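Notes for the one structure printed next.
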Amino acid sequence: MAPSVDETFVDIGPNASALLDVWIYFNLISNTVLLPILVATFLFSQRAKRHPTLVNVCTTWIFSGVFSLLLFYAGEASGPEPKKGLCVAQTSLLYGITPMWSVAVLVLLCNMNLVMNENPKVAGVGRLKLVAMLSAPYVAQVVFSTATLVASLHHPENVTRSRRVFYCTLHFPLLSLARSLFTGVVGVGVVILMVRLAVLLWRNWHGMRHAGRPSRIDAQIMLRVLIFGAYLVFGLAANIIYVAAPRSVIPDMYAATIGTAIFLVFGTQADVLRTWCFWMSDPPPQTPREALDGVPPPEEIAQEMEKEERSIAWGEV
């Protein structure tokens, strides 16, 4: 689901310049402009707080955009082969992106499953466990980037931009296999957690509806989670396309749009939009369900919800 760093040559024909511009545009605008704005909103806004695991997913994709654009920043995105040192640096950094981002998504889904747990006493994680969860993606990044750097320094002749056009890659099948296996295992975990989350969402919605009581989950939360999950499924499809047609640019173009998808899914919530449109006042909360859209309920309602049917707010997911 991140830029594919592999040894296969790609041929994009006469459209190379236009496709490169589109690829750079998505990485530049979405990953290095819009997502930092969204992360800053989550971190510093008082009414659009989000759980650190969601912020982590956004942050990892910011890194993806920066690493992908190293050649662009250096003015060597097109034309002759880039300087070898720059190419080695980009290859090493990009090789850890997919492991990092996949682990970040896994951690996010772990947290979402925890807060969806019917027993609020076991929902959430302790401080030390949360630190470990937030650090895990970057540990994966460092491990794979370090291994790639060592291999690239020993075989600099195998590092080139010509294979994938958009970025530099390394021809080292054993490392590529290790990376694919790791990402595949994490991907299986992601799918399992997505299915479990969907089941929990359905059980909650169906149970509350059958009981004639408001659902603990707002429909907009369910919709956004499902949209995000669907885009992950598209990522798996893109990887299948890459296996079947390794010369295709579809996986690379898809990867460049993930930042846009994250921004649209998580940046169009009502509380986020009200934060950006600071001249708009918050509507007064009237029911417990409004808390699910980022507006805190009155204290007495919050206490009642905690006693009866713990409502899940966006700050927890």
Side-chain angles (χ1 to χ4, degrees), residues 26 29-62 65 101 104-105 107-116 123-124 130 134 190 193-194 197-198 200-202 204-205 208 214-235 257-298 301-302 305 309-317:
F26 276 110
I29 301 301
S30 299
N31 296 348
T32 62
V33 176
L34 297 180
L35 284 185
I37 294 174
L38 185 61
V39 167
T41 302
F42 291 161
L43 292 177
F44 301 111
S45 171
Q46 295 302 314
R47 53 181 177 180
K49 292 290 186 181
R50 294 296 182 269
H51 195 272
T53 53
L54 176 56
V55 177
N56 222 28
V57 170
C58 298
T59 302
T60 57
W61 213 252
I62 292 173
W101 199 76
V105 173
V107 168
L108 171 65
L109 291 174
C110 283
N111 179 70
M112 294 176 73
N113 275 270
L114 286 173
V115 300
M116 276 295 300
L130 178 61
L134 296 179
V190 168
L193 289 177
M194 280 296 305
L197 180 63
L200 289 174
L201 288 169
W202 168 255
N204 172 262
W205 179 80
M208 293 298 180
S215 174
R216 295 167 59 239
I217 302 299
D218 195 307
Q220 64 100 4
I221 290 183
M222 184 182 297
L223 179 60
R224 292 177 192 277
V225 170
L226 292 178
I227 290 175
F228 184 58
Y231 212 76
L232 295 180
V233 173
F234 292 155
T257 66
I258 293 180
T260 302
I262 294 174
F263 181 82
L264 291 177
V265 170
F266 297 110
T268 57
Q269 302 154 52
D271 57 338
V272 175
L273 296 177
R274 285 195 297 267
T275 298
W276 292 338
C277 302
F278 54 87
W279 58 88
M280 297 175 59
S281 59
D282 290 337
Q286 297 178 351
T287 67
R289 289 181 60 82
E290 293 200 25
L292 300 173
D293 199 32
V295 182
I301 297 179
M305 288 192 301
E309 53 176 40
R310 179 177 175 272
S311 180
I312 295 176
W314 262 113
E316 298 178 83
V317 297

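Being a predicted model, the structure only gives us computed values, none of them experimental.
- The side-chain hydrogen bond (donor to acceptor under 3.5 Å, both in side chains) check on Asn56 picks up Tyr138, with sequence neighbours excluded.
- Side-chain contact between Val272 and Phe42 is present, with heavy atoms from C-beta onward closer than 4.5 Å.
- A donor-acceptor contact shorter than 3.5 Å is absent between the side chain of Arg274 and the backbone of Arg47.
- We find the CG-CG distance between Leu197 and Leu108 to be 9.0 Å, quoted to the nearest 0.5 Å.
- In this structure, CG in Asn111 is found 7.5 Å from CG in Leu130, a value given to the nearest 0.5 Å.
- Between Cys58 and Ile262, the closest heavy-atom pair is SG-CG2, 3.8 Å.
- With rounding to the nearest 0.5 Å, the separation of NZ in Lys49 from CG in Leu54 is 13.0 Å.
- Residue Val57 comes nearest to Ala104 through the heavy atom pair CG2-O, 3.5 Å, listed as atom of the first residue, atom of the second, then distance.
- Residues that satisfy the ring-ring contact (aromatic ring centres under 6.0 Å, His included) test with Phe263, not counting sequence neighbours, are Trp276.
- In this structure, the side chains of Thr260 and Leu264 come closer than 4.5 Å at one or more pairs of heavy atoms.
- Annotation: side-chain hydrogen bond (donor to acceptor under 3.5 Å, both in side chains) contacts of Thr59 (sequence neighbours excluded): none.
- The structure places CG of Leu193 at 5.5 Å from CG of Leu109, a figure rounded to the nearest 0.5 Å.
- For the side chain to side chain contact (heavy atoms under 4.5 Å, CB included) test, residues two or more places apart in sequence or in another chain that qualify with Thr32 are Leu28, Val66, Leu69, Tyr73.
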| Are Ser30 and Thr257 close enough, and set up right, to give a side chain to side chain contact (heavy atoms under 4.5 Å, CB included), and what steps lead you there? | CA-CA 8 Å; Ser30 299; Thr257 66; over 6 Å; no
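- The closest side-chain heavy-atom distance from Asp271 to Arg50 is below 4.5 Å.
- Among Asn31, Leu35, Val33, the one residue that satisfies the side-chain contact (heavy atoms from CB on, under 4.5 Å) test with Ile62 is Leu35.
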